Amino acid sequence: MLYIEVNVTKKITMIDYPTLKVIWWALIGFLLLGFALTDGFDMGVGTLLPFIGKTDTERRVIINAIGPTWEGNQVWLITAGGAMFAAWPIVYAASFSSFYFAMLLVLFALFMRPVGFEYRAKRDDPRWRASWDWALFAGSAIPVLVFGIAFGNLLQGVPFYLDEEMRISYQGNFFELLNPFALLCGAISSSMLIAHGAAFLRIKTDGVIAHRATRILFIAALIAAVLFIIAGILVATRITGFKITQAAPLDAAANPLLKRVFTSPGLWMSNYTAYPWTMLAPALGIIAGMLAPMLALSRFTIWNFIVTGLLVIGIILTAGISMFPFIMPSSINPASSLTLWDSTSSYQTLSIMLFVVIIFIPLIVLYTGWVYRVMRGKVTEQEVKNNIHSMY
């Protein structure tokens, strides 16, 4: 066992520093995609809870559809946050400084989820249960909306700068984050995950709940696709993009101030011009967004869920590819923008953490797959009525 560990570590240390930085960019992107695909449909279902469930029994069916898996799905978010702290400490610090009140809003909203799941069934009182239903709605809808708004602000640049001693100064406020383009991105985030959640309900439920989910899926997927196209047009024509004109040494210690950055509307399309194959990402988002409503009218529920997942993947990959190699651009001092080349941890830290990730990400994937296999099958109203003492 010791020999295997040493051998793997030696192979990892053979990777050069710039390649290791790109690997970590891809790994953190993979973790964020895992969060969006798994906890994303949970949050989509939570957002739909007060609207699709008309009776207490129907709402119990909906909650039991995600009850066994929602907590495990949040591991992806926790892991992504930990990986960002380890790999991109400057980005971690800058984002929590710039988006402090937004992060607090997300944190307090997320508090509502475990409390809502645990306390809703403690009293057989309609007002008590309705209150926790709306708490679950808030704990699901607010983070999804805020995450989308955050990405919208990243694409426009965040008003911060670094001084000569690498201290971060944020010049904006919470309400400036709520600009039209950021709200558009928030609407895209909400609609795509509502569609993903509705597709999941089509698999896990039947009868009137599945019928209502089908209607919402049809509308939400179309909205997500249309808004995604509108956002793409704005990014290509109106939104200021960033491009490195003079890079710092790729194998040197992280120092964002050593580079020079040019800004101009439409520059976020540079990667698509340089690497045409990257157009597969926005094409995937648009095609999946158009295909999902058509599948909503069919009986292929599993394929429908897969397609809404592809919609999520296409939209997130489009944002990531557009910004590459930028992670957190600065709108007031472009040279202070944080990129994967100049905002990462040391070579040794990335190497050690990569060894840890190689072990634990497959475990998370295998565990998640096993849980979904064990919990497969539909949740019915009769089943919920027969188990009146169940947790949910």
Side-chain angles (χ1 to χ4, degrees), residues 25-48 65-84 106 110 113 139-141 143-148 150-151 185-186 188-204 213 216-217 220-221 223-225 228 280-289 291-292 295-296 300-321 357 360-376:
W25 176 83
L27 281 173
I28 292 176
F30 175 77
L31 292 172
L32 291 176
L33 280 173
F35 165 66
L37 289 172
T38 57
D39 209 27
F41 73 71
D42 280 349
M43 290 183 174
V45 171
T47 303
L48 294 174
I66 60 173
T69 56
W70 75 269
E71 201 165 13
N73 290 339
Q74 285 202 281
V75 170
W76 290 96
L77 176 62
I78 297 168
T79 306
M84 187 177 296
V106 169
L110 289 176
R113 300 188 77 205
S140 301
V144 169
L145 178 64
V146 172
F147 289 147
F151 266 99
C185 293
I188 294 172
S189 175
S190 296
S191 57
M192 74 178 185
L193 292 183
I194 286 174
H196 198 38
F200 182 75
L201 283 178
R202 290 194 71 208
I203 296 175
K204 294 292 291 183
I216 290 178
L217 168 59
I223 291 174
F228 180 51
L280 291 173
L284 177 64
I286 294 172
I287 293 172
L291 187 59
L295 286 174
F300 301 111
T301 56
I302 295 178
W303 278 107
N304 205 175
F305 181 68
I306 292 173
V307 168
T308 56
L310 293 176
L311 169 66
V312 173
I313 291 173
I315 290 175
I316 294 177
L317 283 181
T318 299
I321 291 171
V357 163
F360 284 101
I361 283 189
L363 291 177
I364 294 173
V365 173
L366 289 172
Y367 167 77
T368 302
W370 177 78
V371 169
Y372 283 111
R373 177 175 174 78
V374 171
M375 298 297 175
R376 67 188 184 278

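Note that the structure is a prediction, hence the values are computed from the model and not measured.
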> Would one find more than 12 heavy atoms of other residues, nucleotides or ligands at under 6.0 Å from atom CZ of F35?
Replying inline: yes
> Within a radius of less than 6.0 Å around OH of Y372, do more than 12 heavy atoms belonging to other residues, nucleotides or ligands occur?
Replying inline: yes
Kindly indicate whether the side chain of [X], heavy atoms from C-beta on, has any atom under 4.5 Å from the side chain of [Y].
| X | Y | value |
| --- | --- | --- |
| F200 | T308 | no |
| F228 | L311 | no |
| F41 | N73 | yes |
| T38 | T69 | no |
| M192 | I316 | yes |
| F305 | H196 | yes |
| V45 | W70 | no |
| L217 | N304 | yes |

Using 0.5 Å steps for rounding, measure from the [atom1] atom of [X] to the [atom2] atom of [Y].
| X | Y | atom1 | atom2 | result |
| --- | --- | --- | --- | --- |
| L310 | L37 | CG | CG | 8.5 Å |
| L145 | I188 | CG | CD1 | 12.0 Å |
| I66 | M43 | CD1 | CE | 10.0 Å |
| D39 | E71 | CG | CD | 10.5 Å |
| I28 | L33 | CD1 | CG | 12.5 Å |
| L32 | L317 | CG | CG | 11.0 Å |

To check you understand the geometry: which heavy-atom pair defines the closest contact between [X] and [Y], and what is its length?
| X | Y | result |
| --- | --- | --- |
| I223 | S191 | CG2-CB, 4.0 Å |
| L193 | A36 | CD2-O, 3.7 Å |
| G148 | C185 | O-CB, 3.3 Å |
| A195 | A221 | CB-N, 3.8 Å |

>> Just to verify, which of V357, I361, I364 counts as forming a side chain to side chain contact (heavy atoms under 4.5 Å, CB included) with T79?
In response: I364
> Okay, side chain of R113, backbone of L110: is any donor-acceptor separation there less than 3.5 Å?
Replying inline: no
>> For a side-chain contact (heavy atoms from CB on, under 4.5 Å) check, start with the C-alpha distance between I194 and V144, then their side-chain angles and the critical distance, and finish with the verdict.
In response: CA-CA 9 Å; I194 286 174; V144 169; over 6 Å; no
